[in-house]
Amino acid sequence: MMRIFLYLSILIAFILLLLGNSWKIKKIQVNPLVLFIWLLVVIYLSIIFVSPYFLFLLFISIFLTKLFVSSSLWGRFMKYSLYTALFIFLFNLLLVQYGSHVIIEWHFIRITVESLVFAYSMCLRLFVIMAAFAIFNSAVSLESLFSILEKLKIPQNTLITLALSLRFYHVLSRDATEIVDAFRVRGLPISNGNLRERIAARYPVMVALLGNSLERGIDMAQALEVRGFPSKKRRSWYTLNMHPRDLLSTSLIFLSFLLATGYLYFYGYKIFPELQIPSVSKLLLFVVISFTLLSVMLSRGDENAYH
Amino acid sequence: MLTIENFSFRYAGSNAFALKNINLNIFEGEFVLVVGNSGSGKTTLLRSINGLIPHFYGGEYTGKIQVCNVNPLKTPPRELSKSVGTVFQDPENQILMSTVEREIAFPLENMGFERMEIWKRVEEILEILGLQEIREKKISTLSGGEKQKVAIGAALAPYPRYLLLDEPTSQLDPNSAEELLSLLERLNDDLGLGIILVEHRMERTMHRADRLIVMDKGKIIGDGEPRLVLSEIDMDSLGVGYPQITRVAKKFQLQYLPLTVKEGRKMLNQLLPKITLKNEITQKAREPLCQLSNVTFRYNSKYVLKGVNLEIHQGEILGLMGRNGAGKTTLAKIIAGVLKPRRGSVKIGGQEIHTLNERERSTLVGMVFQNPNVHFFQDTIYQDILFNLPEERRNNVDGVMKQLGIYHLRNRNYQDLSGGERMLSAVALMAVREPKLLILDEPTRGLSYGFKRILISFLKDYASHNSVLLITHDMETMAHASHRVALLTKGRIEVIGYKRKIMASSLIFSTQLNKVLYGKSSNILVEEDIEGFR
């Protein structure tokens, strides 16, 4: 039965990845701080658990969250995850040769049931992390994220550097395209030459991009100065308030964190040398841990705060 | 009150003084226009007022500056920003947050204002600048004009007494520039905000200013009511220029110098007897050099070009105009071979451009991009020009650089040059290769009058043995340089022909002088079209 569950999970995961982008029930504005804590816990859970059963349930929990906290980035993130997952799957399948149930053994290739399941788990881990980021990045603006980090006492200079890097990522990528085009017009064999010529042709592009970025950097530094930065008396416009329902939501997320840590401490989980199939009671515990995370939807964005 | 007394400054590592013995009083509520050729010290003057000099740009100074009872030489710019707001040239490089209202709130957060006060001021600024509709929009989705308005908003949020603007319209199209300058006029009128504006667009700014300051080689050589200063100083020889109609009136020694089309029309009776159209040698029709047939292109699902047909003749300068986002740059990149059309063909000298490799293509077509910085990467511009240049073209280099007036800059790095000098260097870099077709995408943005004249003269010479496609919003340059003009609209070229046929008596696609002479000598586009005008 557990094997059927495993096969079915593969099918469902792919359906959700491919078709889930347009599915949406309602848009809930969740509290950015609670969502940030949710994101950290999801990443923690996806890293400490290797069980495909748990990771699949965690993925379903995130997908259900996505139906309510709609994500405009879901489709794009999942598309890139699928490409990456393909490499992760093959890489793990060919290089991880442990396991007792051999399917194929030919020269240096040794594929076992366990390595197959491990490769699947690694892909699920990627999907979980990317899905959580797709939700977080769509629901929380850059400024809200900085307010969160500011609240966590991350230094101002680090935050502004991070903010500028994220904002100027698009500008630099546009600059890079323009520079490549400008050098192609000058006859540099960027797309038509042989491999050596093409690699050599990238050098001026990189130097030009660096020069442009340095100049932008100086301009930005001037702009920061005349906008009063840095400042010892800086006060954030955005305030992050935690209401009782946000505290309840955070407590439940924390409970999920404790249950997961406790489970691994007492029971552990192994794929090698032989795949551990969880009992029904353990599977139920997996369901509780993953679905408790849905409590993030109890929280609400503060109407009085900015946004 | 802003007071500068005997102020001189030279940058660290430089022998020459960028500002020499400046004496200036600017009252709150004045609209001051600062003009001067590249390197005259305009930007350095602004940096001295907002405290970037000496706190950001180190150097040696003498003299005194006082802005609203604060000494910028002793007070860092972040403290001074309560009294002086600054807006720079490139909107992209001065907006630091990712949404409109967060950007406006950013300086207030830094200054430690109470949350309620920030709310109040953000609301006010959004209202004054008409940004309410886009308050939550991401900066990356805004147009250049909107970004520059947001930058003004951030500078205004601390309620400064003076607003300094360093060529704020140089990256904008004419409509956005006009809108921005009108906004500054309104802020000056309604709020009594002192405006100190450095600009090259004479015809758009001169009539708005209460006072004109002319700078040359670090000194103030003219200061006063714009008409008086214009009548006393030869602005053309300084490379600064006049509004077109002012130049004509000055040439014909009219006592009252008109600055706008409206003032020019009022003086028409005085002007008309002196104005006749010069005889023009009509150009013979020549063979087409470049042929585009049914060129279609789309970005993702949005069609930008929908079947463009175009011929560029040998030995002509074809001007291409069209509103922002019409697809002019896309079309230029397709002709240059860096973008491939979805359908249709582009032939230059009979060869299908997209079947050639980069090296072969570069002998047929060259393109100077809107942002000249993308062309440079070496230590000196001379090395940049020589880079990847075929041996047989190396003899051209010195001649082309001299013709463009940048030979003396050959050992300088591009980052040490002004925007105009960079553009002329980029033109040199492409022109020394002598492509049969040279494309220039908005080459006059932010260029002073002097540089425009050099560029136009160079292009005319270049087109005597090759062809040029000139994309510009600058109607004066278009009228001066081009033989024919084309209008790109709705992804097609529906309007194309001899420049006088298209531009004369047009409401938008025409020059200031032509608008003044509308209905009288309608074929005159530029001063040189007038009989007896040198």
Side-chain angles (χ1 to χ4, degrees), chain A residues 141-143 146 156 160 163-164 166-168 170-171 174-175 178-193 201 203-212 214-239 306-307, chain B residues 50 52 55-56 76-79 81 85-86 88 90 92-99 101-102 105-115 118-119 122 136 139-140 154-155 158 333 336-338 357-359 361-363 365-367 369 371 373-377 387-388 414-415 429-430 433:
Chain A
S141 70
L142 197 60
E143 279 78 15
F146 291 133
Q156 244 183 64
I160 200 77
L164 292 177
L166 291 172
R167 200 180 101 57
F168 282 89
H170 297 288
V171 178
R174 199 185 54 211
D175 277 356
E178 282 276 289
I179 291 168
V180 167
D181 287 348
F183 280 97
R184 285 178 68 194
V185 170
R186 275 165 85 175
L188 232 64
I190 287 176
S191 56
N192 290 127
Y203 167 73
V205 172
M206 295 310 291
V207 180
L209 186 61
L210 187 68
N212 262 282
L214 282 174
E215 211 170 33
R216 281 196 194 282
I218 293 168
D219 286 353
M220 276 188 269
Q222 283 189 88
L224 277 168
E225 280 277 343
V226 299
R227 303 274 189 274
F229 191 89
S231 160
K232 284 181 184 153
K233 50 189 176 187
R234 187 176 154 79
R235 187 193 303 248
S236 184
W237 182 25
Y238 191 105
T239 52
Y306 156 80
H307 232 299
Chain B
N50 64 19
L52 284 174
H55 303 284
F56 192 87
R78 54 182 173 274
E79 293 292 321
S81 56
T86 309
F88 300 99
D90 190 346
E92 203 71 80
N93 294 353
Q94 58 186 313
I95 298 182
L96 307 155
M97 295 288 109
S98 63
T99 60
E101 54 184 3
R102 290 299 306 214
F106 181 66
L108 303 174
E109 290 178 306
N110 292 334
M111 289 169 196
F113 279 91
E114 292 286 341
R115 200 167 156 255
I118 298 180
W119 266 111
V122 169
E136 285 180 14
I139 299 296
S140 55
K333 284 187 176 176
V338 292
N357 66 31
E358 279 125 349
R359 203 157 286 160
R361 250 192 335 248
S362 68
T363 61
V365 57
M367 178 171 167
F369 286 66
N371 174 8
N373 298 355
V374 300
H375 294 282
F376 304 103
F377 78 103
F387 176 71
N388 206 34
Y414 82 96
Q415 289 185 338
L429 180 146
M430 215 41 88
R433 287 154 206 281

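Below, chains carry the letters A, B, ... as their sequence lines are ordered, and counting in each starts from 1.
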**Request:** Walk me through it: do A:I218 and B:F56 pass the test side chain to side chain contact (heavy atoms under 4.5 Å, CB included)?
**Result:** CA-CA 10 Å; A:I218 293 168; B:F56 192 87; 4.1 Å; yes

**Request:** Looking only at non-hydrogen atoms, find the nearest pair between A:V185 and B:S362 and report the distance.
**Result:** O-CB, 3.4 Å

**Item:** Interface residue of largest heavy-atom contact number with chain B, from A:G211, A:A223, A:P204, under 4.5 Å
**Value:** A:P204

**Item:** Between A:D175, A:L188, A:L214, the one whose heavy-atom pairs under 4.5 Å with chain B are most numerous
**Value:** A:L188

Rounded to the nearest 0.5 Å, what separation is found between the [atom1] atom of [X] and the [atom2] atom of [Y]?
X	Y	atom1	atom2	value
A:R216	B:N93	CZ	CG	4.5 Å
B:I118	A:S236	CD1	OG	8.0 Å
B:I95	A:L164	CD1	CG	12.0 Å

Quick check: do [X] and [Y] have side-chain heavy atoms less than 4.5 Å from each other?
X	Y	answer
B:V374	A:L209	no
A:I179	B:H375	no
B:L429	A:R186	yes
B:N373	A:E215	yes
B:E358	A:I190	yes

**Request:** Kindly state each residue pair satisfying side-chain hydrogen bond (donor to acceptor under 3.5 Å, both in side chains) with at least one member in residues 222-232 of chain A, sequence neighbours excluded.
**Result:** A:Q222-B:Y57

**Item:** Pair A:R235 + B:E109: basic N to acidic O under 4.0 Å
**Value:** no

**Complete:** Under 4.5 Å to a heavy atom of chain B? For A:L210 that would be neither

**Prompt:** Considering only heavy atoms, which portion of A:V171 lies under 4.5 Å from any heavy atom of chain B: side chain, backbone, both, or neither?
**Reply:** side chain

**Prompt:** Testing B:F106, B:W119, B:F113 for ring pair (Phe, Tyr, Trp, His ring centres under 6.0 Å) with A:W237, which one passes?
**Reply:** B:W119

**Message:** Let's test your reading of the structure: which of B:V122, B:V365, B:T363, B:D90 forms the most heavy-atom pairs below 4.5 Å with chain A?
**Reply:** B:V122

**Asked** Most heavy-atom pairs under 4.5 angstrom with chain A, which of B:S81, B:G85, B:S98?
**Response** B:S98

**Message:** Please evaluate residues B:K333 and A:D181 with respect to the criterion side chain to side chain contact (heavy atoms under 4.5 Å, CB included), reporting the C-alpha separation (whole Å), side-chain torsions for both, the decisive distance (0.1 Å), and the verdict.
**Reply:** CA-CA 8 Å; B:K333 284 187 176 176; A:D181 287 348; 3.5 Å; yes

**Side chain / backbone / both / neither for B:R361 at chain A, heavy atoms under 4.5 Å** = side chain

**Prompt:** In terms of heavy-atom proximity below 4.5 Å to chain A, should B:L96 be classed as side chain, backbone, both, or neither?
**Reply:** both

**Asked** Taking only residues two or more places apart in sequence or in another chain, which ones pass ring-ring contact (aromatic ring centres under 6.0 Å, His included) with B:F377?
**Response** A:F183, B:F387

**Request:** Begin with the C-alpha distance, continue with both residues' side-chain angles, and end with the deciding distance and a verdict on side chain to side chain contact (heavy atoms under 4.5 Å, CB included) for B:M367 and A:R184.
**Result:** CA-CA 10 Å; B:M367 178 171 167; A:R184 285 178 68 194; over 6 Å; no

